[in-house]
Protein chains: 2
Amino acid sequence: MRLHVQARPTRLNPDRLFGQVAHRLAVAIITGASPAGALLPNEDDLKGEISVSRTAYREAVKFLSGKGLVEAKPKSGTRVAPREAWNLLDPDVLAWHFEADPNEKFIRDLFELRLFVEPSAARLAAQRRSAADLQRVEAAYRGMVENPPYAERTVNADLAFHEAIFAATRNPPLQCLAPAVCATIQWSLFLKAPDDRFFFTASLIDHERVLEAIVQRDGELAAARMSGLVIDSLNSTLRLLAGRAEAIASKIA
Amino acid sequence: MRLHVQARPTRLNPDRLFGQVAHRLAVAIITGASPAGALLPNEDDLKGEISVSRTAYREAVKFLSGKGLVEAKPKSGTRVAPREAWNLLDPDVLAWHFEADPNEKFIRDLFELRLFVEPSAARLAAQRRSAADLQRVEAAYRGMVENPPYAERTVNADLAFHEAIFAATRNPPLQCLAPAVCATIQWSLFLKAPDDRFFFTASLIDHERVLEAIVQRDGELAAARMSGLVIDSLNSTLRLLAGRAEAIASKIA
DNA sequence: TCGCGGATAAAGTCATACGATAGAAAGAGG
DNA sequence: CCTCTTTCTATCGTATGACTTTATCCGCGA
């Protein structure tokens with residue numbers, strides 16, 4: 001199954017040939033089509049597999065090896081690395097996951113991480129925000145209100161809202177988790193969109209309450225409300241995942 | 001200044017030529033020797049700069065571009081990316097930071113992140129640990145006790161302790177933060193080592209208390225104690241950083 | 001049975017060539 | 001003198017073939 005979730009900007013230029021090769025390989029690895037330990041097509045053989053020069057292929061492999069997806073050793077070949085070695089928080093790796101079926105465990109894990117990190121981020125944002133930071137958060141919130149639910153602009157505004165909060169923390173390493181949070185939100189919105197818009201209005205209220213706490217510079221309140229937001233989102237997402245599982249089960253039966 | 005902190009295993013093979021090139025470029029970027037926006041040596045010029053073929057150089061650039069350190073645009077040149085684009089949580093990027101001077105802000109930021117994440121990780125570990133998980137944590141703790149303070153084996157045992165806790169969470173994305181936590185610990189130990197061993201025994205007690213909570217499967221207790229451990233470590237590290245700053249100031253005066 | 005050493009296959013490195021195009025320089029027009 | 005257009009060059013992207021290095025495998029001999 002292919003999910004049509006618009007990808008966030010990644011570091012991989014899809015216009016370039018090596019980028020397309022890297023993308024293809026990455027998707028094959030993440031979906032499990034190429035299992036861990038599997039040999040990638042030999043650098044000489046690939047003329048048959050994919051018609052591309054060794055140069056482009058090798059650059060793709062280097063790109064992926066930097067993210068821990070593959071490991072190349074002379075004589076033994078280039079192999080798919082075990083999942084433990086993957087950098088699951090890398091923006092590209094997260095983006096590539098959208099081309100695979102939604103994996104419930106993975107989404108739950110991401111939500112768990114989000115639950116640990118995002119309330120703390122909101123606390124810092126409330127404490128440290130500048131006027132410009134606040135404007136950015138407010139602009140994103142307006143974008144969510146003023147556009148129709150689940151429209152592309154709305155989704156982008158939602159992501160921008162959370163990104164703006166991370167930016168306001170003034171903590172660059174922490175900001176590097178923003179892509180993971182955004183990926184989680186995208187999964188969640190993708191699952192919710194087909195259903196109805198009840199979730200959306202509820203989520204809007206959650207966002208408004210977080211914004212309000214940040215306006216008031218109340219760190220603890222912002223953290224608590226962000227917790228509430230994430231938990232609400234998690235619960236509705238889990239309900240939908242359960243629904244999907246049932247639908248699949250009934251289709252089999 | 002060059003810090004002799006043993007690097008954790010990275011994804012970059014230093015035996016390979018492209019790996020050495022990538023390492024050189026990365027260090028130049030992270031130390032600031034090559035500022036954001038700077039053009040990297042032209043692919044043809046580099047014969048003078050570093051005598052290496054275009055192939056190896058280009059593969060190094062691809063490796064770095066995957067981590068957001070550089071941006072290659074056709075026809076306009078390969079430039080150092082702004083720091084916001086760097087993946088600061090990437091294990092390699094963290095490791096390369098050890099070749100630069102310790103940056104107090106960066107270390108504080110990492111500690112902040114650690115303070116958000118690690119207590120939660122300890123909570124999960126206490127709740128979900130298997131017998132094997134516990135053995136791993138215990139083995140690491142024994143390694144800390146049985147070796148002399150600040151010895152290489154002791155440092156590795158300390159890192160292994162925290163890694164084992166992340167492993168016990170059974171949350172792969174969360175586990176990807178382990179390298180960031182380990183990097184923070186390495187900075188902290190590097191700063192503490194020259195001083196004395198008071199910090200070490202205090203830290204040992206903190207570790208023991210965390211271990212005990214995990215043995216008891218008490219999640220809240222584990223989280224609270226891990227919080228205490230991180231805060232203790234942060235405080236002593238900040239004190240040493242302040243001392244360093246004074247030492248530098250007095251040298252100038 | 002064990003260990004040594006050569007054969008071998010695969011990745012790594014190099015040199016070269018050509019294509020495409022962004023961006024600068026030069027020239028035409030007002 | 002300034003602006004717009006054209007040309008031109010520098011630089012990255014891709015392809016190819018040759019050679020080097022490395023680690024695995026296998027067979028030989030002790």
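Order of the sequence lines sets the chain letters (A, B, ...), proteins ahead of strands, with each chain counted from 1. Values in this document were obtained by computation on a predicted structure and should not be read as measured data.
If you measure from atom CD of A:Gln20 to atom P of D:dG13, you get 13 Å, rounded to the nearest angstrom. For the pair A:Tyr57 OH and C:dA10 C1', the computed distance is 11 Å after rounding to whole Å. Atom CG in A:Leu17 sits roughly 14 Å away from atom P in C:dA20 (whole-Å rounding). In this structure, A:Arg79 places its CZ atom 11 Å from C1' of C:dA10, rounding to the nearest Å. Taking atom CD of residue A:Glu59 and atom P of nucleotide C:dG12, one finds them 13 Å apart after rounding to whole Å.
Map A:Lys75 and A:Phe18 each onto its nearest nucleotide of DNA chain D; the residue landing nearer the 5' end is A:Phe18. Residue A:Ala56 is the one, among A:Ala56 and A:Pro74, whose nearest nucleotide of DNA chain D lies closer to the 5' end (criterion: closest heavy atom). In this structure, B:Arg16 and A:Thr55 both approach DNA chain C, and ranking their closest nucleotides by distance from the 5' end singles out B:Arg16.
For the pair B:Lys62 and A:Phe18, the distance from NZ or CZ to the six-membered ring centre is under 6.0 Å and the angle to the ring normal is within 45 degrees.
Dashed line: the shortest gap from a side-chain N or O of B:Arg58 to OP1 or OP2 of D:dG13 is under 4.0 Å. Contact annotation: B:Ser53 reaches the phosphate of C:dC14 (side-chain N/O to OP1 or OP2, under 4.0 Å).
With A:Thr184 as the fixed residue, the side chain to side chain contact (heavy atoms under 4.5 Å, CB included) test singles out one of A:Leu110, A:Thr237, A:Leu189: A:Leu110.
Ring pair A:Phe116/B:Phe116: centre-to-centre distance not below 6.0 Å. Here the two rings, on A:Trp187 and A:Phe111, have centers that are 6.0 Å apart or farther.
With hydrogens and angles ignored, no donor-acceptor pair under 3.5 angstrom links the side chain of A:Arg54 to the base of D:dG17.
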